[in-house]
Amino acid sequence: MSDSVSLVFPDGSNRDYAAGSSGRDVAESISKSLAKKAVAIAIDGEVRDLSDPVTAGRIEILTRDDQRALELIRHDAAHVMAEAVQELYPGTQVTIGPVIDNGFYYDFARNEPFTPEDLPKIEKKMREIIARNRPFTKEVWSRDQARETFAGMGEAYKVELVDAIPQGEDLKIYRQGDWFDLCRGPHMASTGQIGNAFKLMNVAGAYWRGDSNNPMLTRIYGTAWADQKQLDAYLHMLAEAEKRDHRRLGREMDLFHFQEEGPGVVFWHAKGWRMFQNLVNYMRRRLDEHGYDEVNAPQVLDKALWETSGHWDWYRENMFVTQTEDDRVFALKPMNCPGHVQIFKNGLKSYRELPVKLAEFGAVHRYEPSGALHGLMRVRAFTQDDAHVFCTEGQLRAECLRINDLILTTYSDFGFDEITVKLATRPEKRVGTDEMWDHAEEVLREILVQIEEESGGRIKTGVNEGEGTFYGPKFEYVLRDAIGREWQCGTTQVDFNLPERFGAFYIDRDSEKRQPVMVHRAICGSMERFLGILIENYAGNMPLWFAPVQVVVATITSDADDYG
């Protein structure tokens, strides 16, 4: 066994350390000031406790300024919140407390649920605990020790969590002073490193493990940031988002409403429908410029079609299904693609006709749990500005770039210029061969590089590993609105599978049958959701050409009404 560990630093330098040296030892060997600011280490990208022994690899010393430290700040704040709750309200059981986007939460079991009025008191206690600056220390316990300890404390939920950890896996306990919890880690060096840029936001009910058959717990949400400036900016954004809420503006502007008899479907009023049609008409003009043919596929199709497409196996729980008296099973379409393949297949196609570009403003239906519904942003019935390009493999790159240009210029027309394009790669559950996926992903990776280069760095790019659809990899277009929120709207998906499953073909120059490549493309995605984004982005003050009411003649006195 080697008595030294070789570490590579970000500047490329290489140094050896005695086996068993901790991250803190390494930081101190560089400078005392770095050791004082350090909160964690990363070995080959994996974030670890500062007190962990280092292993050979590329090491980074993380300070609070590092973006990765933000997750640690929030994780530590969750633990401090749990300690504060148990100090203030003895007998409260803690369950789980993960980091989430922009913050954290913890679920608590208590006879009397917490209320928003409790939050200032808990927050004050958290600041006391942070000021104590107690070190986070890690211990590894046996399963029996953990069960016995938590059972003796009356922490029944913790016992259940211990039992759920696979045999042979370490049980880690993190202490901060006398308080401790079961946790995978990592954590920063001490509670004092959390800082005071945090705020408890609200309380909500949550079933244990998300199961309505289990007890109801109280969830306390918080947010935490590296400094007060970031916290203030986030709180300002939330205040702006509340003022811009499209549901409130929809009522005030008389655009649309929702009601219980139609959960997740929109009741459009005259002004809102005018905006909807303005958006559709704008998109029709853009599609015409780019050579698309608008089509319309049936709303209801036999389940056999969905079995062939793969949706019946992969998407069945999200589909609305009905059975007729003759025992035929039909489904409301959740997407337009199988219908467009049928239109492409109708009649022979020559290579001279490709690419064939079929577009549809197709009404689709998808079952969303009632708790997930959210105004125009998450509905059960919506309109997709959907299109499918059938092309040869030789045309694929050029068509993807044309789609990219159409998407980016459309967003720009609405004032969205901060765009990120992300490549979503193969998911674990998918159809098609690995060779098909390799080829599709290779083409999209090359195009992604070209998009970034041709934009001069204006368009950011990234990769979402494993986030592709079951039939192919895709580009996801993420736009940033007026108050800094990000929305994923457009997609470009390369599909070698669906044409094969449906037996779609064209006749090539040698009079042979060839399978086309199918590119799925959406720009707004859901027209309803895109309208919601626009309403919030403009805070209801829509551009003149797009506004449902463009001009109002207003009189100062009633005597001028007739003239007005």
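Heads up: numbering here begins at 1 and tracks the sequence.
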Taking the six-membered ring for Trp and the full ring for Phe, Tyr or His, determine whether the centres of [X] and [Y] are under 6.0 Å apart.
| X | Y | value |
| --- | --- | --- |
| Tyr538 | Phe414 | no |
| Phe256 | His269 | no |
| Tyr106 | Phe108 | yes |

Original post:
According to the salt bridge (charged side-chain N to carboxylate O under 4.0 Å, His left out) rule, which pairs have a member within residues 199-218, sequence neighbours left out?
Top reply: Glu160-Arg209

Subject >> Inter- and intrachain pairs under salt bridge (charged side-chain N to carboxylate O under 4.0 Å, His left out), touching residues 521-547, at least two apart >> reply: Arg485-Glu536

Original post:
Closest approach of Val364 and Pro334, non-hydrogen atoms and distance?
Top reply: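 In terms of heavy atoms, the two residues are closest at CB-O, 3.5 Å.
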
Original post:
Can you name the nearest heavy-atom pair linking Ile447 to Phe475, along with the distance?
Top reply: CG2-CE1, 3.7 Å

Heavy-atom side-chain contact between [X] and [Y] under 4.5 Å:
| X | Y | result |
| --- | --- | --- |
| Lys121 | Tyr89 | yes |
| Val389 | Met518 | no |
| Val494 | Leu444 | yes |
| Tyr367 | Phe320 | yes |
| Thr420 | Ile459 | no |

**OP:** Given salt bridge (charged side-chain N to carboxylate O under 4.0 Å, His left out), test Asp417 with Arg480 step by step and report yes or no.
**Re:** CA-CA 8 Å; Asp417 292 313; Arg480 183 183 291 266; over 6 Å; no

Between [X] and [Y], does any side-chain N to carboxylate O distance fall below 4.0 Å?
| X | Y | answer |
| --- | --- | --- |
| Glu128 | Lys124 | no |
| Arg285 | Glu289 | no |
| Asp302 | Arg328 | yes |
| Glu294 | Lys357 | no |
| Lys474 | Glu467 | no |
| Arg378 | Glu368 | yes |

Roughly how far, to the nearest 0.5 Å, is the [atom2] atom of [Y] from the [atom1] atom of [X]?
| X | Y | atom1 | atom2 | value |
| --- | --- | --- | --- | --- |
| Gln342 | Phe502 | CD | CZ | 5.0 Å |
| Phe416 | Leu479 | CZ | CG | 5.0 Å |
| Asp385 | Tyr292 | CG | OH | 10.0 Å |
| Lys422 | Gln488 | NZ | CD | 9.0 Å |
| Ile451 | Thr492 | CD1 | OG1 | 7.5 Å |
| Arg64 | Asp227 | CZ | CG | 7.5 Å |

**OP:** Kindly indicate, with the supporting measurements, whether the criterion salt bridge (charged side-chain N to carboxylate O under 4.0 Å, His left out) is fulfilled by Arg74 and Glu71.
**Re:** CA-CA 5 Å; Arg74 290 168 178 166; Glu71 184 167 333; over 6 Å; no

Original post:
So Trp273 and Trp268, would you call those rings parallel, tilted or perpendicular, with 30° and 60° as cut-offs?
Top reply: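 Trp273 vs Trp268 ring planes: tilted.
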
Original post:
His520 vs His388 aromatic rings, parallel, tilted or perpendicular, using cut-offs 30° and 60°?
Top reply: perpendicular

**OP:** Take Arg366 and Met335, measure what side-chain contact (heavy atoms from CB on, under 4.5 Å) needs, and give me the verdict at the end.
**Re:** CA-CA 9 Å; Arg366 299 178 185 177; Met335 47 199 65; 3.6 Å; yes

Original post:
Honestly, is Lys349 close enough over Phe344, meaning NZ or CZ under 6.0 Å from the six-membered ring centre and within 45° of the axis?
Top reply: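 Relative to the ring axis of Phe344, which defines the angle, Lys349 lies inside both limits.
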
**OP:** Could you walk me through whether Tyr411 and Ile523 pass side-chain contact (heavy atoms from CB on, under 4.5 Å), step by step?
**Re:** CA-CA 8 Å; Tyr411 292 161; Ile523 300 174; 4.0 Å; yes

**OP:** Assess whether salt bridge (charged side-chain N to carboxylate O under 4.0 Å, His left out) is satisfied between Asp66 and Arg68, documenting all intermediate values.
**Re:** CA-CA 5 Å; Asp66 192 292; Arg68 288 166 291 183; 3.1 Å; yes

Subject >> Step-by-step side-chain contact (heavy atoms from CB on, under 4.5 Å) determination, Phe198 to Thr223 >> reply: CA-CA 6 Å; Phe198 68 90; Thr223 187; over 6 Å; no

